[in-house]
Amino acid sequence: MTTTRTENGATSRLAAHSLTLAYDDRTVVHELDLAVPDGCVTVIVGPNACGKSTTLRALGRLLKPAGGSVLLDGTELSRIPTRTIAQSVGLLPQTPVAPEAITVSDLVARGRQPHQRWWQQWSDEDERAVTEAMERTDVTALGDRPVDELSGGQRQRVWIAMALAQDTDLLLLDEPTTYLDIAHQVEVLDLVRRLAAPAADGTRGRTVVTVLHDLNQAARYADHLVAMKEGRIVAEGRPGDVVTAGLVREVFGLEAVVVPDPVTGSPLVVPGAPWAPAPAGPTG
Amino acid sequence: MSADTAAPVRTPVRPAGYRVVRVGKRGRFLVHRRAGLVAAALTVVLAAVCVAYLCVGESFVAPAEAVRVVLGQPSPDELVVGTLRLPRMVVGLLVGTAFGIAGALIQTVARNPLASPDIIGISQGASALTVGAMTFGLTSYTVLPYLSVVGGVAAAGLVYAFAWRGGLHATRFVLIGIGFAIALRSVTTLFLTKGDYLVAQQAQIWMTGSLNGRGWDEAAPIGWALLVLLPAVLWAARAQRTVSMDDDTATALGVRLGRVRLGLVALGVVLASVATGTAGPVDFVALLAPQIARRMTRTAQIPLLCSALLGAVIVVFADLLARRLFSPTELPVGVLTAAVGAPYLIWLIIRGHGGRAGGNA
Amino acid sequence: MAAAAPRLSRRALATAAAVVALLLSVLLSLAVGARSIAPSAVLDALLHGGHSDAAEVIRQMRVPRTVIGLMVGAALALAGTVLQGITRNPIADPGILGISQGASVAVVLAIAYAGIHTLTGYVWFAFGGAAVASVAVYAIASRGRGGATPVKLALGGAAINALLVSVTMAVLTTKASALDEFRFWQVGSIAGREAQVAQQIWPFLLIGTVLVVSVARGLDALALGEDVAKGLGQNVAAVRIVGGIGATVLTGAGVAAAGPIAFVGLAVPHIARAIVGSDHRWVLPMAALVGPVMLLVSDVVGRVLFPPGEVPAGVMTALIGVPFLVTLVRRKAVPA
């Protein structure tokens with residue numbers, strides 16, 4: 001079982017080698033190399049349609065590579081049974097759809113499927129995982145309610161709970177903060193941070209890869225930031241090293257000023273002066 | 001959110017509405033409480049309908065006597081109940097069960113509450129082959145059921161093959177299925193004009209769906225089929241849960257979507273084809289039973305057991321009405337399954353339980 | 001704006017091509033049959049009269065047949081387009097609102113209990129049945145929350161369809177003579193119809209077309225979603241009702257004249273959209289052109305496929321239509 005190592009020597013269970021991804025005839029990602037460092041939060045950012053969600057889906061075996069490969073613990077994903085992958089890698093897609101009339105606790109419990117057998121449909125372990133997942137996402141009180149009746153934010157937290165209940169070492173989240181108000185956005189990202197942090201007894205935390213729209217949030221919460229543009233990685237590394245005005249200009253085409261965040265010290269991107277109406281002339 | 005320090009006292013969470021049933025040392029099964037109650041109630045209703053079926057007819061038989069005949073004890077009503085009514089009832093029961101299960105499976109895969117075996121061409125395939133055979137001289141009632149099965153499976157196979165393109169997209173499946181269904185139906189109506197009038201009448205009765213003349217000979221093949229497929233049905237009941245979410249989430253949870261869907265569809269096709277071969281296309285049952293069952297149990301996925309029971313109830317009850325309503329004329333049972341079911345479906349729609357199709361507005 | 005100009009001319013070109021195709025189909029329909037007649041003779045018979053056998057065949061049999069084919073093809077195609085727009089369901093067709101079934105039931109009842117045995121007699125019953133069925137479906141779907149949503153319309157249509165089918169079956173299996181007559185009508189054909197039938201239905205065709213065309217903009221808006229449509233100022237309920245009435249009238253006319261013809265209402269809207277895009281101001285005319293082409297070509301093929309017999313147009317449209325539909329559905333991703 002070979003483990004890839006990232007540039008700074010950290011281990012990396014999940015890695016992409018020369019990954020090329022395409023939809024029909026359109027190549028979206030070009031020969032991408034990415035070693036996801038274990039035990040920390042990796043955030044992929046980039047402008048719309050740069051291939052970040054596509055890359056995440058390929059990392060989660062939802063998309064078959066047109067070229068290159070994705071390796072989990074040194075083995076190509078396509079060679080590993082999908083159920084086995086699901087026991088190590090959890091993925092929350094961008095627009096999940098729940099069956100009609102399903103309750104919150106039922107949906108979260110579905111996250112336990114990869115660990116269940118047909119004769120063992122509910123174990124103590126399942127119960128623990130589900131209870132804990134619902135607590136961490138603050139949806140315990142909603143347990144009996146149908147998911148359809150919840151607000152967008154509540155529903156998103158329920159989906160995250162389901163991914164958490166899957167209890168995997170690696171967690172891939174595709175834009176998990178959509179629909180959430182700022183307080184809940186911060187809570188979810190704090191939760192992500194906590195998941196990746198080493199446990200009290202020193203064991204390594206989980207590995208989280210997430211796609212985020214908000215560059216500032218990414219800079220705040222990422223241990224490892226990956227900036228993509230047009231299907232290629234433009235820069236990757238610690239946010240403090242990577243996020244500069246030059247990068248923002250190159251990747252997003254935006255003139256900005258980068259200052260240290262007053263609370264955390266991480267880079268804070270402040271866009272240039274906004275459009276202002278011309279002052280009224282002497283003759284109105 | 002809760003603090004992540006000391007573990008607070010937790011009430012363990014289970015999927016809402018489910019009970020855990022322990023079997024043996026390590027077996028643990030999740031049973032939906034309400035679905036279990038509904039299934040029990042439906043079993044009682046089915047028993048009552050069956051007894052009524054055996055009692056009611058040209059000569060009324062007391063319930064006690066009917067039960068005695070069923071139990072094999074000697075009784076003066078043995079001929080009427082045991083030879084005339086009981087076999088036909090058993091056929092109806094099996095046909096209803098098969099259609100109920102088939103409808104549930106096809107609706108799950110198609111993600112559309114309107115899906116039923118005739119949406120994907122099974123009934124039409126069976127009809128086309130059967131009516132065609134009848135028109136061109138083959139009228140043996142022993143061979144025709146097998147032709148129906150072949151026709152149904154072949155049609156569904158074609159639909160699946162044409163709809164499969166790197167995976168099974170639900171809408172494509174339904175759209176192509178409807179296309180084939182329309183084409184096969186047209187061909188069948190053509191056949192109806194080609195033969196002489198008597199053949200046309202025979203064919204029309206078959207196409208309506210009828211239990212007339214069905215007895216133990218017809219019950220045996222479908223009975224065996226259900227028995228042999230029982231393990232598959234048990235698998236399907238569990239597998240159904242996994243395919244009701246969107247493709248990405250299901251795959252992320254480790255479900256082999258392609259295989260599971262194929263398995264569910266194949267099982268549904270075989271059951272529907274066998275049932276069609278036995279009684280003709282009584283397939284409104286396959287549309288109706290799962291939808292009613294699901295609304296009764298209020299589960300997230302369509303309950304197989306309740307669909308099966310409800311299918312049986314509908315067919316047996318409809319056949320009872322078919323025999324007696326315009327006595328002495330017997331109507332084909334297919335006429336009444338719709339008459340019984342459609343008003344209920346209409347009432348459900350009016351009540352606002354129109355439901356959401358998986359992918360439509 | 002540069003992009004708009006090529007698009008406009010592409011669609012105009014396609015429409016022109018469709019017109020040419022239609023004229024060719026008409027010619028084919030007049031010329032081909034058990035007795036082939038040269039095109040020049042066809043034109044001669046049409047323009048200059050004449051009493052040769054060929055001219056009689058053309059005037060008495062093929063002209064009415066072709067005219068009815070034109071009308072029915074256009075009617076069903078337009079109806080299908082509107083219904084797919086209203087229900088926002090790509091698998092909607094005139095059958096989905098129970099319209100065809102309603103017409104069939106009425107015809108069966110007419111044959112069995114009202115002693116009507118002529119095609120011209122069926123027409124009024126078919127019409128009435130179609131109207132009653134679609135009103136019933138709409139009434140069911142519009143009760144309760146949300147009004148007539150696409151899903152409720154489809155479900156209501158399925159329920160009414162099943163009810164009507166069972167009534168039809170009940171009559172056919174108990175009244176022996178009715179089946180013998182009905183089985184020929186239910187195949188769907190444009191053969192053997194007198195010119196009178198065309199005269200009976202053209203007013204309804206006109207009314208239906210006017211209604212349908214008037215909601216073209218509304219259908220475009222509705223395709224963007226109900227909320228967006230309301231935001232654009234469209235009265236969604238009115239669009240649905242007017243469009244529904246138009247579709248009912250058109251389908252009623254079509255089924256009354258030719259019996260239930262499958263597929264035209266389902267497949268032609270897809271074909272039209274594949275050619276000219278989704279702007280209903282282009283789709284509707286294209287559908288009105290492609291529908292008759294499909295029906296007439298099917299009818300012609302049916303005449304020559306198994307001589308000396310004819311395969312009715314209602315069967316040929318399905319047999320030709322299925323490969324078309326399958327190819328179309330496979331080629332592009334069908335929107336869910």
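Labels below follow one simple rule: chain letters A, B, ... track the order of the sequence lines, proteins then strands, and each chain is numbered from 1. Hydrogens, waters and symmetry mates play no part in the numbers below; they use all other heavy atoms, side chains included.
In this structure, the side chains of B:Arg185 and C:Gln186 come closer than 4.5 Å at one or more pairs of heavy atoms. When side chains are defined from C-beta on, B:Ile346 counts as touching C:Ile160, because their heavy atoms get closer than 4.5 Å. Side-chain atoms of C:Val187 and B:Ser186, non-hydrogen and from C-beta on, never get closer than 4.5 Å to each other.
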Stepwise side chain to side chain contact (heavy atoms under 4.5 Å, CB included) test for C:Val165 and B:Phe284: CA-CA 10 Å; C:Val165 163; B:Phe284 196 58; over 6 Å; no
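For the set B:Met207, B:Gln201, B:Gln204, the entry with the most heavy-atom pairs within less than 4.5 Å of chain C is B:Gln204. Across C:Val322, C:Leu163, C:Asp180, C:Val311, the residue that shares the most heavy-atom pairs under 4.5 angstrom with chain B is C:Asp180.
Shown here for B:Ala200 and C:Arg183, the closest heavy-atom pair between the two residues is CB-NH1, 3.5 Å. Of all non-hydrogen atoms in C:Ser177 and B:Tyr197, the two that sit nearest each other are N-OH, 4.2 Å. The two residues B:Ala183 and C:Ala318 make their nearest non-hydrogen contact at CA-CB, 3.6 Å.
Shown here is B:Phe326, whose CZ atom has no more than 12 heavy atoms of other residues, nucleotides or ligands within 6.0 Å.
For C:Val315, the parts sitting under 4.5 Å from any heavy atom of chain B are the backbone and the side chain alike. With a 4.5 Å cut-off on non-hydrogen atoms, B:Leu192 touches chain C through its backbone and its side chain both. For C:Ser189, no part sits under 4.5 Å from any heavy atom of chain B, backbone or side chain. Residue B:Thr208 touches chain C through both its backbone and its side chain, counting heavy-atom pairs closer than 4.5 Å. Both the backbone and the side chain of C:Ile140 come within contact range of chain B, each with at least one heavy atom under 4.5 Å from a heavy atom of that chain.
Going from atom OG1 of C:Thr327 over to atom CD1 of B:Ile176 covers 9.0 Å, rounded to the nearest 0.5 Å.
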